[in-house]
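Beneath this line is the structure, given in structure tokens, with notes to follow.
As the structure lists them, so they are numbered: ligands from 1, and atoms in each ligand from 1. What you see below is based on every heavy atom in this structure, not just the backbone, and it leaves out hydrogens, waters and symmetry mates. The first residue of the sequence shown is numbered 1, and numbering continues consecutively from there.
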Amino acid sequence: MKIPFSPPYIDESVENEVLESLRSGWITTGPKVKALEEEVCKYTSVEAALGTNSATSAMMLVLHWFGITRGDEVIVPAYTYCATALAVMHIGAKPVMVDVGEDFNISVAAIEAAITEKTKAIIPVDFAGWPCDYDAIQQLVNKPSVLQKFHPQSGQQQKLGRILIMSDAAHSFGAVYQNKRTGIHADITVFSFHAVKNLTTAEGGMICLHLPAPFSNHDIYKTLRLWSLNGQTKDAFSKSQAGGWRYDIVYAGFKMNLPDVCAAIGLAQIRKYQDVLLQERKRVFDFYSSSFSKYTWAWLPPYDRQGTSSSYHLYPLRIHTITEEQRDLIIEKIASEGVAVNVHFIPMPMLTVFKNAGYEIGNYPQSYKNYAAEISLPIYPQLTQEECNYIVNVVARSVQLVTPL
Ligand SMILES: *Cc1c(COP(=O)(O)O)cnc(C)c1O
């Protein structure tokens with residue numbers, strides 16, 4: 001059997017929606033993007049959501065909007081995809097990496113210890129689709145001792161009066177925290193619609209705006225939209241209408257807009273997301289958890305607890321007491337039987353660009369521990385029961401071969 005890691009979910013409804021865009025005479029940002037933004041607002045219950053060409057650029061846009069720049073610090077978990085930190089670096093600020101907990105998510109105690117007078121934002125990452133402890137993070141940024149350290153340097157920073165919480169929810173579309181879906185637990189939540197994510201537009205992202213009063217999320221939407229389209233007063237769609245040629249450039253903006261032909265994929269997927277795509281992921285997740293729970297070596301990922309549930313983006317299985325080398329051997333064995341697995345993530349301090357910048361993995365012991373023991377199994381709606389059985393058998397056999405007990 002050959003089992004790929006994460007093929008996109010493309011059915012007839014996706015093909016039809018994309019064809020409609022292709023045949024409409026309009027393929028870049030226009031009605032499909034607007035429709036997807038509206039669906040995301042409905043699904044997450046945020047007031048305003050802006051489509052972008054990736055989550056990475058979405059995060060850059062938000063950090064820039066908040067006035068974060070050279071000399072500022074943004075706290076990120078060491079255990080995430082590089083994009084979380086690169087978005088901070090690209091706007092000139094410094095990512096301050098902190099360790100995570102056994103649930104893979106950013107440690108709130110570690111955030112507190114890392115806050116300085118330069119801290120302007122925190123980017124929690126909902127690893128594998130399991131939401132971070134947003135209540136604890138909200139409480140932390142509102143603590144008198146933390147508020148005292150905050151030195152606003154832009155109009156938006158003045159207005160918020162505290163550290164911004166921007167959730168990197170690349171994994172967690174459809175996850176639930178305290179009985180409410182992700183999108184409204186941070187000031188701003190960024191989803192990724194990259195090809196391997198739960199909901200995809202091939203490449204794309206979505207900025208969900210949920211800032212407290214006196215901010216107007218609709219006004220921020222308009223600003224970010226303008227800034228994502230070169231700062232041009234008229235988008236290409238309006239300009240294409242007869243007589244609509246004149247425009248102005250009022251801000252040195254970026255080019256980060258989502259094309260309609262891409263949004264069409266996500267639009268078809270979001271309509272069956274809750275009832276089909278998410279349920280099918282849960283089916284695979286539950287099957288793995290019940291199958292592996294009988295092995296003492298298996299360390300199961302967290303999910304479904306007191307009003308909180310995962311989006312089942314990854315199945316990050318960990319094997320108790322193995323070394324990184326043994327983990328690599330197990331993966332080799334699994335691959336030789338045709339099953340594609342992955343490791344999420346190589347902690348950022350182990351990657352060259354961050355090592356060269358002075359980050360050291362020794363400062364992030366739990367991140368290393370999670371990484372060394374972790375194997376991400378295939379999880380997606382198209383997996384059949386037969387394939388799931390095969391994967392469980394192959395994984396169990398490979399673990400026992402490498403670490404005979
Ligand atoms: C995929 C991913 C991103 C980047 O998303 P893009 O849309 O590809 O920019 C950021 N953070 C995490 C945790 C991711 O997994």
From the list Y312, Y273, Y380, side chain to side chain donor-acceptor pair (under 3.5 Å) partner of N198 resolves to Y273
Q. How far apart are the C-alpha atoms of Q385 and N389, what are their side-chain angles, what is the distance that settles it, and do they pass the side-chain hydrogen bond (donor to acceptor under 3.5 Å, both in side chains) test?
A. CA-CA 6 Å; Q385 189 54 50; N389 290 334; 3.3 Å; yes
Compute the centroid of each ring, for [X] and then for [Y], and state whether the two points are separated by less than 6.0 Å.
{"X": "F173", "Y": "Y43", "answer": "yes"}
{"X": "F104", "Y": "Y79", "answer": "yes"}
{"X": "F345", "Y": "H171", "answer": "yes"}

Filter the ligand 1-protein atom pairs down to N or O on both sides and distance under 3.5 Å, then list them.
unit_1, atom_1, unit_2, atom_2, d
ligand 1, 5 (O), S192, OG, 3.2
ligand 1, 7 (O), A55, N, 2.9
ligand 1, 7 (O), S192, OG, 2.7
ligand 1, 9 (O), A55, N, 3.3
ligand 1, 9 (O), T56, N, 2.8
ligand 1, 9 (O), T56, OG1, 2.5
ligand 1, 11 (N), D168, OD1, 3.3
ligand 1, 11 (N), D168, OD2, 2.8
ligand 1, 15 (O), H171, NE2, 2.7
ligand 1, 15 (O), K197, NZ, 3.2

Which donor-acceptor pairs under 3.5 Å do the side chains of residues 65-73 make with protein atoms, sequence neighbours left out?
unit_1, atom_1, unit_2, atom_2, d
D72, OD1, K120, NZ, 3.3
D72, OD2, T69, N, 2.9
E73, OE1, T116, OG1, 2.8

